[in-house]
**Student:** 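One structure is given below, represented as structure tokens, and several questions about it will come after.
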Amino acid sequence: MIRIGVFICHCGHNIASAVDVEKVVEFAKTLPGVVHAGHNLYSCSQEGLSSIKKSIEENELNRVVVAACTPRTHEPLFRRACEQAGINKYLFEFVNIREHCSWIHSKEPEAATEKAKKLVAMGVAKAALLEPQEEGESKVIPRAVVIGAGISGLAATASLLGQGIETHLIEKSDRMGGLLKDVAIIGPEGTDSKSLIEAFMSDIRTSPKAHVHLNSRIKELKGFIGNFEVTIGNEAEDLKVEAGAIIVATGACELRPEGEYGLCEHPQVITQLELEKMLSKSELTAKNFVIINCAGSRQPGREYCSRICCNASLKNSLRILDLDPDASVTILHRDVMSCGTAAEALYMNASDKGVRFVRYSLEQPPQVRAEGDGLFVEVFDETLDEKIDLDADMVVLATPLVSPDDSVETSKLLKVPRDKYGFFLEAHVKLRPVEFATDGVFVCGSARWPVSARECIWQGQAAAAKASIPISEGKVRIEAITAEVNPDKCVACGNCVLACPYDAIEITDRDGIRAAEVNEAQCKGCGTCVAACHNDAIQQKGFSSRQLGAMIDALVRATTEGTQ
Amino acid sequence: MNEFNPNILAFCCNWCSYAGADLAGVNRLQMPPNVNVVRVMCSASVKPEYIFKAVSQGIDGVLVLGCHIGDCHYLTGNHRTAKRIPLAARLLGKVGIDPRRVRLDWVSAAEGEKFQQVVTEFVEDVKKLGPNPMKEVRF
Ligand code: FES
């Protein structure tokens, strides 16, 4: 007998402010197979989980439906609760009434409640047909691949090596160090970047388990968590490496808005990174500096704040004054974003030392023009409410970090998503910050979003810690969503064999009966073959045509019979 | 007479479109409440039969959303979706159901706004088409 328990989550106000949770509970009680329906303030809290577990025992439930947030983040949690209460975790079904309902219909409580009922009806209909599944296990190759040898990649690699994990570090240029190679001093604390990089590099150089591939790129990626096959290529040859986990640390690069603010027209207009290079040689070729912040960022098309430029401008202006106390520095800004205790002190320090701050607006950006040998920057000073003309012999553009062009390629090779600015997108901002949705692939540093060197190190180490989990466990569970063939229905037409992107299906002869057979270890559970079968002879576990059909029926029923 | 409120079914693949729909939620992007999402692993697992079943039972429109071409988590899965779904729509046309009741589109994990736009447009389109005539059919 099917005994379904339905648990509707308030998620505090997140769901309950739009969806009338109690009404949905009452409705759920009327659905076929449901023997218990209840609600929780926060289903995912310790309390919520234990009340679900208790209810499973008390009501002898053998199917569980939770209507709450998204399975993409919370399914594992509820599945575990089911297991702890003695039910196979594949007998659990998740209904999303937050992201897909209350949050997107927050001004239509009635409609949102009706929709939540329909979604619950669909989930319950599927749950009734769920079957227990056994998960396979697959071994994890105890080796990691890190892509990008900037500060994030170096930190990740050093951390993996520190845990005794063999690591391949792939770098497209001919040197390790990334953007920091050109920067002498970083952060408000004034850390010497050479010695910082050197500390990580010496760990890597001295480790017998490190393999550094310079001038190399990823050419191909096959496989899945625990069993990736990475083709690393350079000009001369291709090398295949097997690995259990992959960390993407491909970083970002500085925007060069050629033609804007006179960049590339006047040699005295340079970018912040070029200034860094000049400062690292400790020689100044100018006296009057004008630094333009937000050059190319926080504007239509590139709305984001690149986060590191304000601090870099502050740090560099102090450095200029250190090298030449008679120099003058003006920072043109839209707001100075120097968050944190140390950075704010840097700002105060710069003001004290005589750095001038002039605030401009997006509508009236500074104009750079050349006159004779010199440069002039005309800017509308928001505070004075008038135009001023600054005389400059060097204009520095604090441009944002942008995603490198080749991140498109990386994203396609690794099948990991990017956001609208081209930065990689993690699985969940708060719950899974250094992981991709694809298991076994991790992300850190400015590949994700412009971050400071310090944050790059944090994230590199965090990604390494995450990547080391499957590697140190030595095995991963494979989700039981593979396809299976019903040989009685199969006519051995071979459509599924052609459809499978992984060559996981073949036609075999079993005691004189020819039928398709799925190689479970190779099947990734996409279901492409299922849709290719004319005879409904092949089914994907957890997404069978009966289960999806029942969801359609439930939607139709909930609509025609009403949900009252 | 009450305004026609279409009942719409959407299949979203786990890796891109479902994530895109989640992102729309996280960003609180408002849209009409007519679309009910079913999660599938890949858009290529959506059988044309599901569409026929839904439409024959009176569902007013079916959305199939997957990763952009080239981005499918399962390599080339959505290449098949790109062929199958338009074909399914055409077949519906042959039996007198407006093929515009089926829409295939690509929504990435980063495209919460696109999800909102597709849902809003599709609901509008289906509203213009009116109720699914199959609702009146009694077998
Ligand atoms: S996984 Fe999204 S379309 Fe295949």
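Every chain is numbered from 1, with letters handed out A, B, ... down the list of sequences.
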**Student:** For the residue pair Q540(A) and S45(B), establish whether any side-chain heavy-atom pair is separated by less than 4.5 Å.
**Tutor:**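 Yes - at least one pair of side-chain heavy atoms lies under 4.5 Å apart.
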**Student:** Which atoms of Y502(A) come close to chain B, meaning under 4.5 Å heavy atom to heavy atom: side chain ones, backbone ones, both, or neither?
**Tutor:**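 Only the side chain of Y502(A) comes within 4.5 Å of chain B.
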**Student:** Please say whether more than 12 non-hydrogen atoms of neighbouring residues, nucleotides or ligands are located less than 6.0 Å from CZ in R432(A).
**Tutor:**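 Yes, because the 6.0 Å sphere around CZ of R432(A) holds more than 12 heavy atoms from other groups.
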**Student:** For A483(A), is it the side chain, the backbone, both, or neither that has a heavy atom closer than 4.5 Å to a heavy atom of chain B?
**Tutor:**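 Looking at A483(A), nothing touches chain B.
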**Student:** Below 4.5 Å from any heavy atom of chain B, which atoms of P417(A) appear? Answer side chain, backbone, both or neither.
**Tutor:**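 For P417(A), the side chain is the part near chain B, not the backbone.
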**Student:** At a 4.5 Å cut-off on heavy atoms, which part of V119(B) comes close to chain A: side chain, backbone, both, or neither?
**Tutor:**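 It is neither, since no heavy atom gets under 4.5 Å.
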**Student:** Looking only at non-hydrogen atoms, find the nearest pair between R80(B) and L498(A) and report the distance.
**Tutor:**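 Taking R80(B) first and L498(A) second, the nearest heavy atoms are NH2-O, 3.4 Å.
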**Student:** Return the CE to CD1 distance between M31(B) and I104(A), rounded to the nearest 0.5 Å.
**Tutor:**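 Those atoms lie 4.0 Å apart.
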**Student:** H100(A) and N36(B): side-chain donor and acceptor closer than 3.5 Å?
**Tutor:**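 Absent: no donor and acceptor within the cut-off.
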**Student:** At a heavy-atom separation under 4.5 Å, does L75(B) approach chain A through its side chain, its backbone, both, or neither?
**Tutor:**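 Contact with chain A involves both backbone and side-chain atoms of L75(B).
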**Student:** Within the structure provided, determine whether D22(B) and T73(A) are in side-chain contact (heavy-atom separation under 4.5 Å).
**Tutor:**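 The answer is no; the side chains never approach within 4.5 Å.
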**Student:** Does any heavy atom of chain B fall under 4.5 Å from the side chain of A532(A), the backbone, both, or neither of them?
**Tutor:**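 Both parts, backbone and side chain.
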**Student:** Counting heavy-atom pairs under 4.5 Å with chain B, which one of D536(A), N14(A), V95(A), V429(A) comes out on top?
**Tutor:**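 Most heavy-atom pairs under 4.5 Å with chain B: D536(A).
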**Student:** Which value, rounded to the nearest 0.5 Å, describes the distance between T528(A) atom OG1 and Y74(B) atom OH?
**Tutor:**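 It is 8.5 Å, given to the nearest 0.5 Å.
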**Student:** Can you confirm whether Q522(A) is buried at CD, in the sense that more than 12 heavy atoms of other residues, nucleotides or ligands lie under 6.0 Å from that atom?
**Tutor:**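 More than 12 heavy atoms, drawn from other residues, nucleotides or ligands, come within 6.0 Å of this atom.
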**Student:** Count the heavy-atom pairs under 4.5 Å between each of N5(B), V26(B), N27(B) and chain A, then report the option with the highest count.
**Tutor:**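 Between N5(B), V26(B), N27(B), the count favours V26(B).
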**Student:** Highest number of heavy-atom pairs under 4.5 Å with chain B: which of G525(A), C500(A), S411(A)?
**Tutor:**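 It is G525(A).
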**Student:** Based on non-hydrogen pairs under 4.5 Å, which of P71(A), G527(A), C526(A) is most in contact with chain B?
**Tutor:**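 Looking at each option in turn, the highest pair count goes to C526(A).
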**Student:** Apply salt bridge (charged side-chain N to carboxylate O under 4.0 Å, His left out) to the pair E99(A) and R28(B), showing each step before the final yes or no.
**Tutor:** CA-CA 8 Å; E99(A) 279 83 345; R28(B) 312 297 198 273; over 6 Å; no
**Student:** For residues K118(A) and N7(B), is any side-chain donor paired with an opposing acceptor at under 3.5 Å?
**Tutor:**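 A pair is found: one side chain offers a donor N or O, the other an acceptor, under 3.5 Å apart.
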**Student:** Please look at S545(A) and chain B and tell me whether the side chain, the backbone, both or neither of the residue comes under 4.5 angstrom of a heavy atom of that chain.
**Tutor:**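 S545(A) touches chain B through backbone and side-chain heavy atoms alike.
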**Student:** Tell me, for R98(A) versus chain B, whether the close heavy atoms (under 4.5 Å) come from the side chain, the backbone, both or neither.
**Tutor:**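 Neither; nothing under 4.5 Å.
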**Student:** Could you state the interatomic distance from OG1 (T70(A)) to CZ (R39(B)), rounded to the nearest 0.5 Å?
**Tutor:**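 Rounded to the nearest 0.5 Å, the OG1-CZ separation comes out at 7.5 Å.
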**Student:** Donor-acceptor pair, K415(A) side chain versus G70(B) backbone, under 3.5 Å?
**Tutor:**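 Looks like yes, one N/O pair under 3.5 Å.
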**Student:** Which is it for L9(B) and M122(A) under the side-chain contact (heavy atoms from CB on, under 4.5 Å) test, yes or no, and what are the steps along the way?
**Tutor:** CA-CA 11 Å; L9(B) 181 68; M122(A) 291 160 77; 3.8 Å; yes
**Student:** Using non-hydrogen atoms and a 4.5 Å limit, figure out which bit of E113(B) sits close to chain A: side chain, backbone, both or neither.
**Tutor:**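 Answer is side chain: those atoms of E113(B) sit under 4.5 Å from chain A.
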**Student:** Shorter than 4.5 Å, heavy atoms on both sides: which option in C101(A), C69(A), G549(A), A499(A) has the most such pairs with chain B?
**Tutor:**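 Counting heavy-atom pairs under 4.5 Å, the top option is A499(A).
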**Student:** Using atom types as modelled and distance alone, determine if a side-chain donor or acceptor of Q30(B) lies under 3.5 Å from a backbone N or O of W103(A).
**Tutor:**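 At least one qualifying donor-acceptor pair exists.
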**Student:** Among K420(A), K126(A), E108(A), single out the residue with the greatest number of heavy-atom pairs under 4.5 Å to chain B.
**Tutor:**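 With the most close heavy-atom pairs to chain B, the winner is E108(A).
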**Student:** Can you tell me which of C16(B), C72(B), C67(B), G58(B) forms the most heavy-atom pairs within a distance under 4.5 Å of chain A?
**Tutor:**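 Of the options given, most contacts go to C72(B).
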**Student:** Chain B: which of V530(A), L425(A), V556(A), L555(A) shares the most heavy-atom pairs with it under 4.5 Å?
**Tutor:**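 Most pairs with chain B among the choices: L555(A).
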**Student:** So which atom in P33(B) and which in H105(A) form the shortest heavy-atom distance, rounded to 0.1 Å?
**Tutor:**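 Result for this residue pair: CA-CE1, 3.3 Å.
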**Student:** Is any side-chain heavy atom of K47(B) less than 4.5 Å from a side-chain heavy atom of L548(A)?
**Tutor:**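 Of all side-chain heavy-atom pairs linking L548(A) with K47(B), none is under 4.5 Å.
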**Student:** Is V37(B) close to chain A through its backbone or its side chain, or both, or neither, when contacts mean heavy atoms under 4.5 Å?
**Tutor:**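 When you check distances to chain A, atoms from both the backbone and side chain of V37(B) fall under 4.5 Å.
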**Student:** Chain A heavy atoms under 4.5 Å from R84(B): which part of the residue, side chain, backbone, both or neither?
**Tutor:**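 The side chain, not the backbone.
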**Student:** Nearest heavy-atom pair of K115(A) and V35(B): which atoms, and what distance?
**Tutor:**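 Reported closest heavy-atom pair: NZ-O, 2.8 Å.
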**Student:** Does any heavy atom of chain B fall under 4.5 Å from the side chain of T438(A), the backbone, both, or neither of them?
**Tutor:**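 Both backbone and side chain.
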